[in-house]
Structure formats: C-alpha cells, structure tokens
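A short write-up of the structure that comes next.
Computed over heavy atoms, backbone and side chain alike; hydrogens, waters and symmetry mates excluded. Throughout, numbering of the chain's residues begins at 1 and tracks the sequence.
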Amino acid sequence: MNGTFQVVSPREFPVRLGDLTFYAAGWKLSGTRQYAQQGGVQGAGYVTNTSCRARQLVLDGKFCFADSPAEVVLALDSAIRERTFAFDLRDLRFFGTSLAAYTISETAAQGVLPCQLTLIAPNALSRVTAETEGGSA
C-alpha cells in the first residue's frame with residue numbers, strides 16, 4: 001500500500017487555574033449572542049437589547065495529585081464559588097473566566113483525576129503574541 005500517513009499522537013495542554021494545573025486533552029469553545037425581545041404591534045417581536053457574546057469553554061482532561069484528591073476537589077469547589085481565572089490555551093488568551101461546572105472522578109490510575117471543566121468567558125478573547133506571553137496566570 002502506497003501513500004503518506006501521519007501518526008497522530010495524544011498531547012495535553014497545561015492550563016493554570018490559580019494554584020492548580022489542569023492538563024487538557026481536548027477542548028470545545030462555543031460562543032453565543034443573547035437577544036431580548038419585546039412584543040410589538042400585530043404580534044411582531046422587536047429586538048430591544050443585545051448583550052455581549054458569552055463564550056462557554058469545555059475542557060476535558062485531568063488533574064494530577066500526590067496523595068489525596070481532596071486538595072483538588074476542595075480547590076475546584078472554592079473556585080466555582082468565588083474565583084475568576086486568566087490563562088492561555090492554544091494561542092488564545094482567556095481572562096475574567098469563571099468556573100461554571102466541573103465533573104471529576106477517580107479511576108484506577110494512581111495520582112490522576114479525570115475531569116471535565118465548563119468555564120464561562122464573558123470577555124473578548126485575544127491572541128497571545130510575543131509581547132503578551134509573560135502575562136499568563
């Protein structure tokens with residue numbers, strides 16, 4: 001069989017969320033614009049207000065821990081209540097991002113917590129350039 005083949009190897013993207021490092025194996029970004037409508041004459045609706053686009057970022061990956069997963073779970077629980085994050089992911093800068101949901105589980109692999117994080121990024125995204133590279137949190 002002749003042809004050119006490309007070997008696909010798994011990779012992970014480290015994402016710093018405060019004191020935690022999340023190793024993302026995959027991500028999905030979706031953006032929406034919110035509209036508000038007001039009823040008009042003869043049943044026609046009028047768009048009265050539009051808000052900024054909100055972005056939802058879903059990260060699939062894992063956390064690594066030394067002895068007990070409690071540190072990671074408690075840090076995520078605290079983050080879902082009160083923290084916002086700034087981080088870089090694949091040359092995109094996210095800032096003012098808040099954790100909306102997490103799903104975490106423990107498997108047979110010692111020291112690894114598979115996790116899915118859902119983050120809301122209300123601010124505009126920017127591209128990471130040579131001048132901005134040092135500002136990742």
Over 12 non-hydrogen atoms of neighbours within 6.0 angstrom of CG in Asp91: yes
Contacts of Arg81 that satisfy salt bridge (Lys or Arg N to Asp or Glu O under 4.0 Å) - sequence neighbours left out: Asp77
Passes side chain to side chain contact (heavy atoms under 4.5 Å, CB included), Phe65 versus Glu71? Steps please. CA-CA 8 Å; Phe65 65 96; Glu71 294 174 29; over 6 Å; no
Atom pair CZ (Phe87) and CG (Leu57), whose distance is rounded to the nearest 0.5 Å: 5.0 Å
Test side chain to side chain contact (heavy atoms under 4.5 Å, CB included) applied to Ser126 - qualifying residues, sequence neighbours left out: Arg93
Do any side-chain atoms of residues 21-29 form donor-acceptor pairs under 3.5 angstrom with protein atoms, and if so which ones, sequence neighbours left out?
from: Thr21; atom 1: OG1; to: Arg16; atom 2: NH1; distance (Å): 2.6

Taken in chain and number order and not counting sequence neighbours, the residues that satisfy ring pair (Phe, Tyr, Trp, His ring centres under 6.0 Å) with Phe95 are none
Shortest non-hydrogen separation from Phe94 to Ala121 and the atoms involved: CD2-CB, 3.9 Å
In short, Glu106 meets Pro69 closest at the heavy-atom pair OE1-CG, 3.8 Å
Could you list all the salt bridge (charged side-chain N to carboxylate O under 4.0 Å, His left out) pairs where at least one residue sits in residues 112-124, not counting sequence neighbours? none
Out of curiosity, does Val58 fall in the hydrophobic cluster containing Val15 (side-chain heavy atoms, cut-off under 4.5 Å, transitive links)? no
Atom of Phe63, atom of Leu76 and distance for their closest heavy-atom approach: CE1-CD1, 3.8 Å
Can you confirm whether Ile120 sits close enough to Thr97 that some side-chain heavy atom of one is under 4.5 Å from a side-chain heavy atom of the other? no
Between Leu89 and Leu59, is there a side-chain heavy-atom distance shorter than 4.5 Å? yes
When every non-hydrogen atom of Thr84 is compared with those of Gly96, the smallest separation belongs to CB-C, 4.1 Å
Enumerate donor-acceptor pairs with a distance under 3.5 Å from any side-chain N or O in residues 112-119 to protein atoms, sequence neighbours excluded.
from: Gln116; atom 1: NE2; to: Asp60; atom 2: OD1; distance (Å): 2.8

